[in-house]
Amino acid sequence: MRLCELLSMLDSVFVSGVGTDEIVWSPSDSGEFTVASCYNLLSQREETTDCCLGSYAWKFPVPPKIKHFIWTASLSKILTCDELGRRGQLVTNPLCRLCNLVDESCNHLLMHCKFSQKVWNNIRGKFGIPMCMPNTFGQLVQQWYSCPLPKCGQVLWRIAIAAIIWQLWLERNSRVFNNQCSSLGGVIEKVIHNTLLWAGASQKLPPLPSSVIRKHWKKIIYFSTHKKPQLEEWKPPPAGHVKLNFDGSSFGNPGQAGIGGVVRDSGGHCIFVYSGPAGCCSSNEAEAQAMLTGEKLLREHVTEPVYVEGDSKLVIRWAKAGKPPWKLKPIFDELKLVTAEWNIIWNNIPRSGNSLADSLAKEGVHRNMLQTGPQWPL
């Protein structure tokens with residue numbers, strides 16, 4: 001099994017055969033040894049996702065002990081029954097005290113318990129935010145922090161979620177140690193109380209009375225003090241040219257990634273699209289792979305001068321001026337060979353003008369192989 005994994009990893013390595021060999025420190029983007037990169041390497045585990053995502057906990061605008069609890073829960077180290085058992089302590093009743101149906105664990109207690117889900121659904125309903133529960137608590141923390149809301153909404157939403165987690169833990173402890181149970185409505189009311197209390201202490205929110213926040217959750221969540229940016233639309237290339245729009249997507253950065261792109265003519269007609277997996281890599285590497293794949297496919301389909309557009313400033317800059325990170329150098333060396341003696345105009349655009357390539361890249365994460373075709377969807 002390990003041999004198959006090693007061979008699979010070696011198959012994804014490209015050796016250009018250009019230039020001289022040099023010693024590099026792979027955990028660092030610069031290729032040079034740093035103490036920080038060494039620490040990150042040593043602190044990684046076989047399952048690093050939740051460990052890395054736990055760092056988001058310290059950025060929440062809540063009291064320090066709540067941040068510490070969220071961080072501990074992200075590592076699955078809070079003293080639930082399963083954790084106590086792992087530490088060698090005798091647990092007479094391993095069932096979750098909130099539902100009495102399933103053995104207690106961090107992920108079950110704080111996310112998947114029927115009682116906990118009723119609390120989640122009630123608060124999400126007040127805020128008007130749809131959210132699908134992931135498998136682990138660490139992944140949930142990342143969802144909180146990356147929720148696409150205006151600044152005020154982000155702060156209030158993070159406070160509310162922290163209040164849910166903390167109150168569920170307090171309710172669990174009350175049932176375990178004091179044999180006292182609160183009703184569902186009582187727990188929800190305490191969550192709201194803590195949310196208003198911590199929101200009032202936060203300097204990142206406008207000074208609003210608690211009664212106003214309680215009455216207008218949704219309006220405050222989606223309130224923005226900034227004007228909405230003008231979205232840039234895709235524009236066709238000049239007559240006699242074609243345009244390649246490419247994009248890469250990485251879930252986790254680094255994580256499972258996909259690539260995608262579309263080539264259109266001056267009339268806006270689609271010549272071909274492509275979408276496929278990129279393995280486990282960073283978003284920059286996925287973007288570079290998407291660009292290289294598009295250029296290779298272009299040589300098979302068109303001969304006209306080409307506009308190449310992507311929403312990554314770094315990747316476009318590396319393609320135009322060179323000097324990419326050492327990890328991406330083989331990709332750009334091959335790109336240089338592919339695009340030699342070809343008239344290419346590179347251009348960076350906002351994501352709003354690259355939406356089709358973005359969708360294809362996200363679809364590519366879930367594909368088993370690269371797929372191409374004359375139109376989208378594939």
Side-chain angles (χ1 to χ4, degrees), residues 49-78 80 96 98 105-173 182 184-206 208 210 213-224:
T49 304
D50 288 354
C51 183
C52 297
L53 297 181
S55 61
Y56 286 103
W58 302 106
K59 302 177 183 179
F60 281 81
V62 293
K65 70 175 181 179
I66 312 301
K67 296 180 182 180
H68 182 268
F69 176 77
I70 294 174
W71 175 72
T72 307
S74 300
L75 303 179
S76 296
K77 294 298 183 181
I78 59 173
T80 50
C96 169
L98 299 185
S105 66
C106 176
N107 293 331
H108 170 79
L109 175 70
L110 300 181
M111 296 193 308
H112 302 136
C113 170
K114 289 187 176 182
F115 184 90
S116 301
Q117 287 187 347
K118 290 178 181 178
V119 178
W120 281 103
N121 292 336
N122 185 283
I123 300 300
R124 290 207 306 259
K126 293 181 184 298
F127 281 73
I129 296 178
M131 188 173 69
C132 180
M133 282 292 183
N135 293 326
T136 67
F137 183 80
Q139 294 169 349
L140 185 63
V141 172
Q142 185 193 36
Q143 281 191 11
W144 301 345
Y145 203 80
S146 59
C147 190
L149 292 170
K151 187 173 182 180
C152 290
Q154 287 180 355
V155 174
L156 189 57
W157 175 236
R158 293 166 188 170
I159 291 174
I161 299 305
I164 293 175
I165 293 301
W166 183 240
Q167 196 56 49
L168 288 174
W169 181 245
L170 293 182
E171 178 62 21
R172 178 262 186 194
N173 289 342
S182 299
L184 176 64
V187 172
I188 292 172
E189 185 57 35
K190 291 175 183 177
V191 169
I192 294 174
H193 172 77
N194 284 335
T195 300
L196 296 174
L197 182 66
W198 298 340
S202 175
Q203 299 179 350
K204 298 181 180 180
L205 287 173
L208 295 173
S210 297
I213 298 178
R214 180 186 286 264
K215 189 176 180 180
H216 302 287
W217 292 109
K218 292 182 182 180
K219 290 184 179 179
I220 296 173
I221 276 287
Y222 293 103
F223 172 76
S224 176

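In this chain, numbering begins with 1 at the start of the sequence shown.
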Side chain to side chain donor-acceptor pair (under 3.5 Å) involving [X] - partner list, sequence neighbours excluded:
| X | result |
| --- | --- |
| S182 | E171, K190 |
| S116 | none |
| Q117 | none |

Between [X] and [Y], which heavy-atom pair has the shortest distance, and what is it?
| X | Y | answer |
| --- | --- | --- |
| I192 | K126 | CD1-CE, 3.6 Å |
| W198 | A162 | CZ3-C, 4.1 Å |
| L98 | C113 | CB-SG, 3.7 Å |

Please list, chain by chain and in numerical order, all residues satisfying ring pair (Phe, Tyr, Trp, His ring centres under 6.0 Å) with H68, sequence neighbours excluded.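 In terms of ring pair (Phe, Tyr, Trp, His ring centres under 6.0 Å), with neighbours along the sequence ignored, H68 is linked to W71.
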Return the set of residues passing ring pair (Phe, Tyr, Trp, His ring centres under 6.0 Å) with F115 (not counting sequence neighbours), or none when no residue passes.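 Once residues adjacent in sequence are excluded, F115 has no partner under the ring pair (Phe, Tyr, Trp, His ring centres under 6.0 Å) criterion.
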Spatial distance of atom [atom1] ([X]) from atom [atom2] ([Y]) [nearest 0.5 Å]:
| X | Y | atom1 | atom2 | answer |
| --- | --- | --- | --- | --- |
| I161 | L156 | CD1 | CG | 10.0 Å |
| C96 | H112 | SG | NE2 | 12.5 Å |
| M111 | I165 | CE | CD1 | 8.0 Å |

Pair I78-L110, side-chain contact (heavy atoms from CB on, under 4.5 Å): steps then yes or no: CA-CA 11 Å; I78 59 173; L110 300 181; 4.1 Å; yes
Counting C-beta onward and ignoring hydrogens, is there a side-chain heavy-atom pair between V191 and N122 closer than 4.5 Å?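 Not in contact.
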Any side-chain heavy-atom pair from W120 and L168 closer than 4.5 angstrom?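 With C-beta onward as the side chain, the pair touches.
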Could you tell me which residues satisfy side-chain contact (heavy atoms from CB on, under 4.5 Å) with K67, sequence neighbours excluded, listed by chain and number?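 Only W58, V62 meet the side-chain contact (heavy atoms from CB on, under 4.5 Å) criterion with K67.
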Of T195, N194, I188, the one forming a side chain to side chain contact (heavy atoms under 4.5 Å, CB included) with Q167 is N194
Do the rings of F69 and W166 sit parallel, tilted or perpendicular, given the 30° and 60° boundaries?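 Because their plane-to-plane angle is over 60°, the rings of F69 and W166 count as perpendicular.
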The test is side-chain contact (heavy atoms from CB on, under 4.5 Å); show your working for F137 and L75 and say whether it passes. CA-CA 8 Å; F137 183 80; L75 303 179; over 6 Å; no
